[in-house]
Amino acid sequence: QESSDHEDSQPEKNDLFFKFRRMPKKFHGSGQGSNLFADIRRPRHNGKTDCQSHRPNKDQVDIWRRSLQCCLADGAGVTAFMRFLATEHSTENLLFYMAVQEYECLGERQRKHRAPEIHNEFVKCGAPQEINIDSGTRKRACENYSLADRLVFTEAKEVVFNLMKRDSYKRFLQSPFISDIKNSAL
């Protein structure tokens with residue numbers, strides 16, 4: 001039976017969380033300056049390589065510098081930031097943020113399936129990729145995730161976003177990643 005409810009359809013393999021779910025292993029220690037984007041060419045529908053999207057230009061990097069929101073709104077910005085975080089062994093916050101962004105757009109049936117996954121992967125104490133949030137926020141998320149409410153992880157997402165904005169994003173902007181990308185951009 002085909003569902004007409006679009007928001008309950010399965011997430012596509014090209015959605016943000018799916019793309020980066022396994023990134024920490026794949027990109028572990030891969031901050032190599034100008035080769036940073038060498039492996040992320042995306043095929044177009046006609047099978048040709050989309051060379052426009054594989055390497056950021058100076059304008060994109062300038063946009064990333066405006067704010068973390070601007071950086072995360074650009075696919076290449078997310079990739080660069082994720083790779084930087086992988087060098088610091090701290091990808092869990094961005095992975096959680098992206099998972100919750102995806103979760104908030106899902107229909108109720110999918111949220112019931114995804115909520116325990118997000119809780120078990122990121123939120124519960126001792127989770128494989130446990131995020132750094134205060135005990136009150138963690139307690140509320142742990143108590144309410146089984147309700148699969150659209151906003152159950154929103155408070156934790158905001159805490160994580162603010163932590164990234166104050167901490168890792170500032171280091172990212174000062175890192176060789178940005179200067180190498182900007183210097184290698186044509």
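We use all heavy atoms of the structure for the numbers below, so side chains are in, but hydrogens, waters and symmetry mates are not.
- Smallest separation of non-hydrogen atoms from Asp134 and Val159: OD1-CG2, 4.2 Å.
- At a threshold of 4.5 Å between non-hydrogen side-chain atoms, the residues Tyr145 and Ile118 do not count as touching.
- Within the model, atoms NZ of Lys112 and OG of Ser146 stand 9.5 Å from one another, a figure rounded to the nearest 0.5 Å.
- Residues Val61 and Ile178 meet the side-chain proximity criterion, which asks for heavy atoms closer than 4.5 Å.
- For the pair Arg150 and Leu106, the tightest heavy-atom approach, listed with the atom from each and the gap, is NH1-O, 3.0 Å.
- Relative orientation of the Phe172 and Phe84 rings is tilted, given thresholds of 30° and 60° on the angle between their planes.
- Atoms CZ and CD1, from Phe96 and Ile131 in turn, are 4.0 Å apart once rounded to the nearest 0.5 Å.
- With Thr79 contributing its side chain and Gly75 its backbone, the two residues share a donor-acceptor pair below 3.5 Å.
- Taking OH of Tyr97 as the start and CZ of Phe81 as the end, the distance is 11.0 Å to the nearest 0.5 Å.
- Contact check for Val123 versus Cys142: side-chain heavy atoms found under the 4.5 Å cut-off.
- Residues Lys165 and Gln69 bring no donor and acceptor atom of their side chains to less than 3.5 Å of each other.
- At a threshold of 4.5 Å between non-hydrogen side-chain atoms, the residues Lys124 and Glu130 do not count as touching.
- Note that SG of Cys125 is 12.0 Å distant from NZ of Lys139, once rounded to the nearest 0.5 Å.
- Side-chain atoms of Glu104 and Thr154 form a donor-acceptor pair, as typed in the model, at a separation below 3.5 Å.
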Can you check salt bridge (charged side-chain N to carboxylate O under 4.0 Å, His left out) on Arg114 and Glu102, steps first, answer last?
-> CA-CA 10 Å; Arg114 293 287 291 132; Glu102 174 196 14; 3.5 Å; yes
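- Of the charged side-chain nitrogens involved, none lies within less than 4.0 Å of a carboxylate oxygen, so that Glu108 and Arg111 do not count as a salt-bridged pair.
- With a 4.5 Å cut-off on side-chain heavy atoms, His113 and Glu117 count as touching.
- Taking the charged nitrogens against the carboxylate oxygens, Asp167 and Arg171 do have a contact shorter than 4.0 Å, which makes a salt bridge.
- Shown here for Arg65 and Leu173, the closest heavy-atom pair between the two residues is NH2-O, 3.8 Å.
- Taking every heavy atom of both residues into account, Ala76 and Pro56 meet most closely at CB-CB, 4.3 Å.
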Between Tyr103 and Phe153, is a ring pair (Phe, Tyr, Trp, His ring centres under 6.0 Å) present by the stated rule, with each step listed?
-> CA-CA 9 Å; Tyr103 173 84; Phe153 297 114; 5.3 Å; yes
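- Annotation: the span from Leu151 atom CG to Asn144 atom CG amounts to 11.5 Å, rounded to 0.5 Å.
- In this structure, CG in Leu95 is found 8.5 Å from CD in Glu121, a value given to the nearest 0.5 Å.
- Leu94 and Leu85 make their closest contact through CB-CD1, 3.7 Å (heavy atoms, listed as atom of the first residue, atom of the second, distance).
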Kindly indicate, with the supporting measurements, whether the criterion side chain to side chain contact (heavy atoms under 4.5 Å, CB included) is fulfilled by Glu155 and Ile133.
-> CA-CA 10 Å; Glu155 179 185 8; Ile133 55 176; over 6 Å; no
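- Leu72 places none of its side-chain heavy atoms less than 4.5 Å from the side chain of Met98.
- Between Cys70 and Trp64, the closest side-chain pair of non-hydrogen atoms is not below 4.5 Å.
- A donor-acceptor contact shorter than 3.5 Å links the side chain of Arg140 to the backbone of Gly136.
- Residues Asn93 and Leu163 have side chains in contact (heavy-atom distance under 4.5 Å, counting atoms from C-beta outward).
- Taking both residues in full, the closest heavy atoms of Pro128 and Asn120 are given as CD-O, 3.2 Å, listed atom of the first, atom of the second, then distance.
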